[in-house]
Amino acid sequence: MATPALLFAGRYTNCGLAQQRWCLLRSAAMHLVAETRPQVVVTRELGKNAKLIKELGNQGISCLELPLIEHKEGPDLKKLASTLCDNTFDWIVITSPEAGLVFLDAWKSAEFPNVQIGVVGSGTARVFQNIVQSNDNLLKIGFLPSKATGAVLARELPKSRDGCTVLYPASVKASDVIERSLSERGFQVTRLNTYSTVSVHEVNQAMLAEAALAPVVAVASPSAVRAWANIISKFERWNGALACIGETSASAAREAGLQKIYYPENPGFEGRWMQSIMEALRSQDSFQT
């Protein structure tokens, strides 16, 4: 009678081992999913996330590129080249890389007039780097503010004479802070709405579901913040953190009711946005130093 008992016991023992193996496999599979799940969602326009993805990859951080915005032609774009041909300005004020790219196209169409640029920060200045090095001083960067915001730029822009003239190629959605502040200081400001930032029309639903599981979403504009806030309003709950490029985007995030917001005090790409992304990851227990 002992043998059946041993067989019975052995049968239960084997079942226990099989269950243990299944549990181990399930745990390994779950770990693999966690390992391959993106840690940071990058949301700039398609093709403009490469540098950030590379910087994060160097830190061992996986990314998902989910463009939330795209740029469209503004109502004043066609006026920009002719305005540059027909007028001379003391300053051209550029407050974003996209505004810089749009301006450069018009500047070339206007046959390279001599211009002096005031840029909001080092990230925007990089748009002009190759031109500055090769154009015999036809285009020069003449001013960067002490803090990379439009308000500080408008407060600090040098005024060489009464009636100093400024051309401000801007986004349709940009506030009037810059031209109003400059006008109050006595500048003569011409604002042209040369482009607009809009939410993408279609977002891949599988990628969107994956993005909603990521601990951190990185955003570089108020438009991207609003697009993400609209997306997550369709989910029951989102527990992730938002890493904003600067305080303007962070203010938009607060207005949208988002809670976990990280941003550099002095915005710009030169490591500062990266630091905020890392801080957001650490807050979510998603990165160990």
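This structure is a prediction, so every number in the text was calculated from the model and none was measured. Throughout, residue positions are numbered sequentially from 1 according to the sequence presented.
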Asks: Mark yes or no for whether K260, through its side chain, and N239, through its backbone, hold a donor-acceptor pair below 3.5 Å.
Replies: yes

Asks: Does the side chain of R185 reach to within under 4.5 Å of the side chain of R180, using non-hydrogen atoms?
Replies: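 R185 does not reach R180 side chain to side chain.
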
Asks: Would you call I231 and L208 a side-chain contact if the rule is heavy atoms closer than 4.5 Å?
Replies: yes

Asks: Do you know which two heavy atoms are closest between V152 and S146, and how far apart they sit?
Replies: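 Closest pair (atom of V152, atom of S146, distance): CG1-OG, 3.8 Å.
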
Asks: Please say yes or no: joined through hydrophobic side-chain contacts below 4.5 Å, possibly via intermediate residues, are L167 and F143 part of one cluster?
Replies: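 No: no chain of side-chain contacts under 4.5 Å links L167 to F143.
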
Asks: Ignoring hydrogens and angles, tell me if any N or O in the side chain of N87 forms a donor-acceptor pair with the backbone of T83 under 3.5 Å.
Replies: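 A pair under 3.5 Å: yes.
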
Asks: Decide whether L182 and V177 are clustered together by the hydrophobic rule: side chain heavy atoms of Ile, Leu, Val, Met, Phe, Trp, Tyr closer than 4.5 Å, transitively.
Replies: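 No, L182 and V177 fall in different hydrophobic clusters.
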
Asks: Nearest heavy-atom pair of N49 and E65: which atoms, and what distance?
Replies: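 The answer is ND2-OE2, 2.8 Å.
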
Asks: Between L84 and F103, does the side-chain contact (heavy atoms from CB on, under 4.5 Å) criterion hold? Intermediate values first, please.
Replies: CA-CA 10 Å; L84 287 168; F103 173 80; 3.7 Å; yes

Asks: Could you measure the distance from the OG atom of S283 to the CD1 atom of I261? Nearest 0.5 Å is fine.
Replies: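 Spacing of OG (S283) from CD1 (I261) equals 11.5 Å.
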
Asks: Under a single-linkage definition using a 4.5 Å side-chain heavy-atom cutoff for Ile, Leu, Val, Met, Phe, Trp and Tyr, are W107 and V127 assigned to the same hydrophobic cluster?
Replies: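 Yes, it is one cluster - the side chains of W107 and V127 are joined through contacts under 4.5 Å.
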
Asks: What distance separates R161 CZ from K159 NZ, expressed to the nearest 0.5 Å?
Replies: 10.0 Å

Asks: How about D162: does its CG atom have over 12 heavy atoms from other parts shown lying under 6.0 Å from it?
Replies: no

Asks: Let me confirm one number: the OG-CH2 distance from S249 to W228, rounded to the nearest 0.5 Å.
Replies: 15.5 Å

Asks: Can you find a pair of side-chain heavy atoms, one from R272 and one from E265, that are under 4.5 Å apart?
Replies: no

Asks: Got more than 12 heavy atoms from elsewhere within 6.0 Å of NZ, K78?
Replies: no

Asks: Quick one, K48 and T43 - any side-chain contact, counting heavy atoms below 4.5 Å?
Replies: no

Asks: Mind listing the closest non-hydrogen atom pair of C164 and W91 along with its distance?
Replies: SG-CD1, 4.0 Å

Asks: Take T165 and D90, measure what side-chain hydrogen bond (donor to acceptor under 3.5 Å, both in side chains) needs, and give me the verdict at the end.
Replies: CA-CA 5 Å; T165 55; D90 294 296; 3.1 Å; yes

Asks: Show the numbers, then the answer: is there a side-chain contact (heavy atoms from CB on, under 4.5 Å) between V216 and V41?
Replies: CA-CA 6 Å; V216 172; V41 179; over 6 Å; no

Asks: I'd like to know if the side chain of E202 reaches the main chain of V200, judged simply by a donor and an acceptor atom lying under 3.5 Å from each other, with no hydrogens or angles considered.
Replies: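 No: the side chain of E202 does not pair with the backbone of V200.
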
Asks: Return yes if some donor-acceptor pair links the side-chain N/O of T194 with the main-chain N/O of P169 below 3.5 Å, else return no.
Replies: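 No, T194 side chain to P169 backbone: no donor-acceptor pair under 3.5 Å.
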
Asks: Take T248 and Y263, measure what side-chain hydrogen bond (donor to acceptor under 3.5 Å, both in side chains) needs, and give me the verdict at the end.
Replies: CA-CA 10 Å; T248 304; Y263 67 97; over 6 Å; no

Asks: Would you compute the distance between atom OG of S183 and atom CD1 of I178 and round it to the nearest 0.5 angstrom?
Replies: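 That separation rounds to 11.5 Å.
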
Asks: Show the nearest heavy-atom pair for residues F128 and L139, with the distance to one decimal.
Replies: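 In terms of heavy atoms, the two residues are closest at CD2-CD2, 3.9 Å.
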
Asks: Can you hop from V115 to V166 via hydrophobic side chains spaced under 4.5 Å?
Replies: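 No, separate clusters.
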
Asks: What's the shortest heavy-atom distance between A241 and Y262, and which atoms?
Replies: CB-CE1, 3.9 Å

Asks: Provide the closest heavy-atom pair for V219 versus W273 in the form atom of the first, atom of the second, distance.
Replies: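 Heavy atoms only, the tightest pair is O-CZ2, 3.4 Å.
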
Asks: Does a side-chain heavy-atom distance below 4.5 Å link F89 with T190?
Replies: yes

Asks: Do I69 and V198 come close enough that some side-chain heavy atom pair is under 4.5 Å?
Replies: no

Asks: Quick check for you: to the nearest 0.5 Å, what is the distance between L242 atom CG and S276 atom OG?
Replies: 11.0 Å

Asks: Calculate, to the nearest 0.5 Å, the distance between atoms CG and CG belonging to L192 and D76 respectively.
Replies: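 Rounded to the nearest 0.5 Å, the CG-CG separation comes out at 5.0 Å.
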
Asks: Find out if a path of hydrophobic residues (ILVMFWY) with successive side-chain heavy-atom gaps under 4.5 Å connects I141 to V93.
Replies: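 I141 and V93: separate clusters.
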
Asks: If we only count heavy atoms from C-beta on, is the S96 to V120 side-chain gap below 4.5 Å?
Replies: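 Side chain of S96 against side chain of V120, heavy atoms only: no contact under 4.5 Å found.
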
Asks: Using side-chain contact (heavy atoms from CB on, under 4.5 Å), reason through W238 and S233 one step at a time and then give a plain yes or no.
Replies: CA-CA 9 Å; W238 181 64; S233 68; over 6 Å; no

Asks: For K173, look at atom NZ and say whether over 12 heavy atoms of other residues, nucleotides or ligands are found less than 6.0 Å away.
Replies: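 It does: K173 NZ has more than 12 such atoms within range.
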
Asks: Consider only side-chain N and O atoms of S171 and E98, and report whether a donor and an acceptor are under 3.5 Å apart.
Replies: no

Asks: Checking side-chain contact (heavy atoms from CB on, under 4.5 Å) between K147 and each of E247, R155, E156, which is the one that passes?
Replies: E247

Asks: Mind running side-chain contact (heavy atoms from CB on, under 4.5 Å) on V172 and T197 for me, showing each step along the way?
Replies: CA-CA 8 Å; V172 170; T197 304; over 6 Å; no

Asks: Is there a side-chain contact between P215 and L281 in this structure, where contact means two heavy atoms from C-beta onward sitting under 4.5 Å apart?
Replies: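 Answer yes - side chains close enough.
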
Asks: Mind checking what makes side chain to side chain contact (heavy atoms under 4.5 Å, CB included) contact with E179, not counting sequence neighbours?
Replies: Y168, D176, V189, R191

Asks: Strictly below 4.0 Å, N to O, side chains only: are E279 and R282 in salt-bridge contact?
Replies: no

